[in-house]
Amino acid sequence: MKHKIIVTGGLGFIGSHTVVCLHEAGFEPIIIDNLSNSEASAMDGIEQLIGYKPIWANIDVNDKAALGNVIKEHQPQGVIHFAAFKAVGESVEKPLTYYRNNVGGLITLMEVLKEENIDNLVFSSSCTVYGEPDEIPVKESTQTKMAESPYGATKQIGEIILKDNANWLNTQCLRYFNPIGAHESGFIGELPIGVPNNLIPYLTQTVAGIRKELTVFGDDYNTTDGTCIRDYIHVMDLAEAHVFAINRLINGEQKEPFEVFNIGTGNGSSVLEVIQAFEKANGIPVPHKIGPRRAGDVIQVWAETTKVEHVLGWKAKRTLETMLKDAWNWQTKLS
Ligand code: UD1
């Protein structure tokens, strides 16, 4: 019998790719997703890739009774918890919504796990917990800073709550850098609702003619070319990291009940470098202009990956060129 893994937010961008990777690794993924920032069509893409539609419960992780029923019924070996809101700007406008959903949802899930004696959890954290770091590349041990937004605070608080419950819960806490790209088939990818906030969906929508031009948020930072630097990682590399984390939990390989890993490539790219790389990879120009800085942007951050490579045994394989080709392939299938 296959090990069952519950994937909350399993129809979202990272969740849907992880569902495919779990299936390929021999697990049975079971999806919990209330479509608050995803679309049911992701299920069709998953089906095309794995040959069947996984079980899907359309429920809110804050609905304890409904969540409890699903977890009780399936008795999973572990849970991967993606379900959370992630728009930095929106979190500033609606902080309570973010605390309720991201912190409240995590607590509700943990209460259910405790009641059902399930003690393996993979948590979606973010490089946002480092704030504007004192050292780059950032290590897992680098001091975290005051969060720049309620969104960032929900990730920091989530990590604290999990650490405080390490007496009964084993957690793999994955700090994602900037996930981009799509499955190479173009069957699944990112589906931003409304005007995208993030660089790559805005860029691909611009090239597709949906947006007029991309604005580069500031070119007067103290970086190589004046634009902000991030560690962009292919969403499939990121998804595969979850399989490593789940295996580590199930095989009892953890050294400590709460373990943190940076999930990045270890390479930083500036906004202008990404634009140039996109143009080179796809042979299409990106209409863009330089605009003012965006409030709350970190200047530069990329991952130190020594720990994740040596301890978890995972390493990102795909290049920036592949990420940008796959992102464009996905956009062309959408428009
Ligand atoms: C941030 C968080 C990340 C979080 C994500 C959720 C940090 C370092 N990162 O990502 O943890 O998961 O929000 O949304 O806190 N840019 C433009 N023009 C655009 C859009 C973006 O120039 O139209 C630039 C930004 O200024 C930034 C880079 O592109 O330098 C990446 O931006 P974005 O894709 O929004 O991600 P982050 O803000 O890095």
Side-chain angles (χ1 to χ4, degrees), residues 9 12-15 37 82 84-93 98 101-102 123-133 136-138 142 144-156 158-159 173-181 190-207 210-233 235 238 262-265 268-278 286-303 320 323-324 327:
F13 177 39
I14 307 173
N37 193 23
F82 292 109
F85 293 148
K86 60 166 188 175
V88 175
E90 186 186 55
S91 78
V92 176
E93 286 156 33
Y98 272 66
N101 193 47
N102 294 8
F123 178 64
S124 299
S125 191
S126 166
C127 68
T128 198
V129 300
Y130 295 114
E132 189 72 64
I136 313 173
V138 284
T142 298
T144 57
K145 294 287 188 62
M146 269 292 286
E148 300 271 341
S149 66
Y151 160 75
T154 66
K155 293 298 173 188
Q156 293 181 335
E159 290 196 4
C173 173
L174 305 185
R175 290 180 178 159
Y176 311 150
F177 284 68
N178 286 57
I180 62 168
E190 194 169 2
L191 281 170
I193 293 173
V195 181
N197 296 304
N198 296 113
L199 177 63
I200 298 306
Y202 203 102
L203 185 157
T204 56
Q205 288 194 7
T206 302
V207 176
I210 302 166
R211 314 271 157 220
K212 191 164 146 275
E213 65 185 343
L214 172 71
T215 303
V216 176
F217 295 143
D219 71 344
D220 57 351
Y221 287 103
N222 186 17
T223 60
T224 36
D225 61 18
T227 63
C228 292
I229 298 181
R230 297 286 184 274
D231 186 338
Y232 296 94
I233 172 166
V235 65
L238 178 61
N262 279 344
I263 310 295
T265 64
S269 305
S270 74
V271 180
L272 289 176
E273 282 168 352
V274 170
I275 293 172
Q276 283 153 13
F278 182 94
V286 178
H288 65 278
K289 64 165 190 226
I290 306 295
R293 293 180 176 194
R294 178 171 71 175
D297 260 337
V298 165
I299 302 168
Q300 49 186 352
V301 64
W302 61 91
L320 184 62
M323 300 176 212
L324 296 169

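None of the values given here were measured: they were computed from a predicted structure. Every number for a ligand or one of its atoms is a count from 1 in the order of the listing. Heavy atoms only: backbone and side chains are in, while hydrogens, waters and symmetry mates are out.
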Exercise. Under a 4.0 Å heavy-atom cut-off, what residues line ligand 1?
Worked result: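 Under the 4.0 Å cut-off, ligand 1 touches Lys86, Val88, Ser126, Cys127, Thr128, Tyr151, Asn178, Asn197, Asn198, Leu199, Leu214, Thr215, Val216, Phe217, Cys228, Arg230, Tyr232, Val271, Arg294, Asp297, Val301.
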Problem set entry | Under 3.5 Å side-chain donor-acceptor pair for Tyr176 and Ser124 |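 Short answer, yes.
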Exercise. Any luck finding a side-chain donor-acceptor pair between Tyr98 and Glu90 under 3.5 Å?
Worked result: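 Per modelled atom types, Tyr98 and Glu90 side chains form a pair under 3.5 Å.
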Exercise. What pair of heavy atoms forms the shortest contact from Thr206 to Pro287, and how long is it?
Worked result: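 Result for this residue pair: CG2-O, 3.7 Å.
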Exercise. CG/Leu272 to CG/Asp225 distance, rounded to the nearest 0.5 angstrom?
Worked result: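 Answer for the CG-CG pair, Leu272 versus Asp225, is 4.5 Å.
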For this session: Decide side-chain contact (heavy atoms from CB on, under 4.5 Å) for Val138 and Phe177; before the verdict, give the C-alpha distance in whole Å, the side-chain angles of both, and the deciding distance to 0.1 Å.
Result: CA-CA 11 Å; Val138 284; Phe177 284 68; 3.6 Å; yes
For this session: Using the test side chain to side chain donor-acceptor pair (under 3.5 Å), find all partners of Glu159 that sit at least two apart in sequence or belong to another chain.
Result: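 With neighbours one apart ignored, the set is Ser125, Arg175.
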